[in-house]
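Within every chain, numbering begins at 1; the chains are lettered A, B, ... in the order of the sequence lines, protein sequences first and strands thereafter. Just so you know, these numbers come straight off a predicted model, no measurement behind them.
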2 protein chains.
Amino acid sequence: MALAHAILVSLLDRPHSGYEISKRFDKTVGFFWRARKQQIYQELHKLAEDGLVSAETVEQVDRPNRIVYSITDDGRQTLDDWVREPTPYPSVKEELLVKLFSLGDVEVPVLVDQVRQRLAEHEERLAYFQSLMKTHYPKPATLSGRKLGHYLGLRLGVMNEESGIAWCKEALLLLERPKAGAH
Amino acid sequence: MALAHAILVSLLDRPHSGYEISKRFDKTVGFFWRARKQQIYQELHKLAEDGLVSAETVEQVDRPNRIVYSITDDGRQTLDDWVREPTPYPSVKEELLVKLFSLGDVEVPVLVDQVRQRLAEHEERLAYFQSLMKTHYPKPATLSGRKLGHYLGLRLGVMNEESGIAWCKEALLLLERPKAGAH
DNA sequence: CTGCTCATGTAATCGGTTACATGATTGT
DNA sequence: ACAATCATGTAACCGATTACATGAGCAG
């Protein structure tokens, strides 16, 4: 279990449809836990079967009906138990690292391009996180509850991007440095 | 494809058996790309079928035979093509973040414990990376080729752990702060 | 008339984890 | 005696991705 819990957490605030959860994921939690909409729909079915969420169809005119899910007491209990379990260290799949390990058999400029691309992505994400920071959390000193959790998530995002940027710059310096011993 | 490439990169240096690759993964690449030994054995079979590696059985007395794999020209070409492809942003699955998003419904001390645990893990990994750094790369200024790639991998590890540690400390300060408005 | 948003799903496949299976040698 | 290391694998399952499928309304 894992995505199940992320969905349950989303429902703590208020009920949501699968579509809404999917959209929310893209903008907030999705930066730390990616999930496709198909997976969210399927997971919601499972959660409903297990009685951790309850479903209610909301009829709509001129557009498809929505199925709105709410967390149940069982769901709340499941979440609470899960939060107390030890948290596994996040699993990393960093292809760029694997590519760097091939240095020597692949020309340096190819890898320089890859690092530059990554740097641009980090900077874009950092800018996005910082804009969220400004609009939603101008003064973090007064936060509490759910809001504080969201703020800390954003802070982790900012700090990760910053350290990624620092690494890219260092890597570029070393990769683009004229070869030692070249005349 | 992804693990396949990580294995091919491992074979650039010299031929290895599945067992050796598995051990190597645990100590080096595995910090950035985890894989179980079963998966490595199976992937090696696939790679051999596709002609990207060649297998040779080495008979041994008093212990099981080894199957030693070497990268083929086709394998090298496949790797080279892959390195040139755009690198996807690493997929993150950070459960701790999801747990923090439940703040307000779960008691703060539970999450404080989780963050403390994470901090300890970061510090352990950082110490390990730094010890590798000292023994293998005392002066990075003179590195080139494969060695430089490995060094940069280690640097990314160090920097990630450092930023993780900084985040944990900040999070603990905010979580343990006496509640605003409490008398 | 093209593409976007809203809204839900099924099916096939791939990648990864867990469990199961074997067996000799070396070190404590 | 017991655990660890060396050395290889199969089978079942679960989780995630990709492809396929539908269909109305609205903005440019």
Measuring to OP1 and OP2 of [N], would you say a side-chain N or O of [X] lies under 4.0 angstrom away?
| X | N | result |
| --- | --- | --- |
| Gln38(A) | dG9(C) | no |
| Lys93(B) | dA16(D) | yes |
| Arg66(A) | dT8(C) | no |
| Tyr41(B) | dG9(D) | no |
| Gln39(B) | dT17(C) | yes |

Between Trp33(A) and Lys37(A), which is nearer to the 5' end of DNA chain D once each is assigned its nearest nucleotide?
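Nearest-nucleotide comparison on DNA chain D picks Trp33(A).
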
Check the orientation of His122(B) and Tyr89(A). Use parallel for under 30°, tilted for 30 to 60°, and perpendicular for over 60°.
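Answer is perpendicular, since the angle exceeds 60°.
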
Using whole Å, what does the distance between atom [atom2] of nucleotide [N] and atom [atom1] of [X] come to?
| X | N | atom1 | atom2 | result |
| --- | --- | --- | --- | --- |
| Glu20(B) | dC6(D) | CD | C1' | 11 Å |
| Tyr19(B) | dT8(D) | OH | P | 9 Å |
| Leu44(A) | dA16(D) | CG | C1' | 16 Å |
| Ile40(B) | dT10(D) | CD1 | C1' | 17 Å |
| Asn65(A) | dT5(C) | CG | P | 22 Å |
| Gln42(A) | dA12(C) | CD | C1' | 11 Å |

Among [options], find the nucleotide with the atom closest to the side chain of [X].
| X | options | value |
| --- | --- | --- |
| Pro64(A) | dG23(D), dA11(C), dA7(D) | dG23(D) |
| Arg36(B) | dT17(C), dT8(C), dT10(C) | dT17(C) |
| Lys23(B) | dC6(D), dG9(D), dC6(C) | dC6(D) |

pair Arg24(B)-Ser10(B): side-chain heavy atoms closer than 4.5 Å
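SC-SC contact between Arg24(B) and Ser10(B) confirmed.
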
Would you check if Tyr69(B) and His16(B) make a side-chain contact, meaning some heavy-atom pair closer than 4.5 Å?
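Tyr69(B) vs His16(B): side chains apart.
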
Quick one: label Gln60(A) by what it contacts on the DNA or RNA (base, sugar-phosphate, nothing), any heavy atom closer than 4.0 Å.
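Counting heavy atoms under 4.0 Å across all strands, the contact made by Gln60(A) is with sugar-phosphate only.
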
Look at atom CZ of Arg146(B) and say whether more than 12 heavy atoms of other residues, nucleotides or ligands are closer to it than 6.0 Å.
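Yes, enclosed.
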
Please find the pair of heavy atoms, one from Thr72(B) and one from Ser54(B), that lie closest to each other, and give the distance.
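Closest heavy-atom pair between Thr72(B) and Ser54(B): CG2-N, 3.7 Å.
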
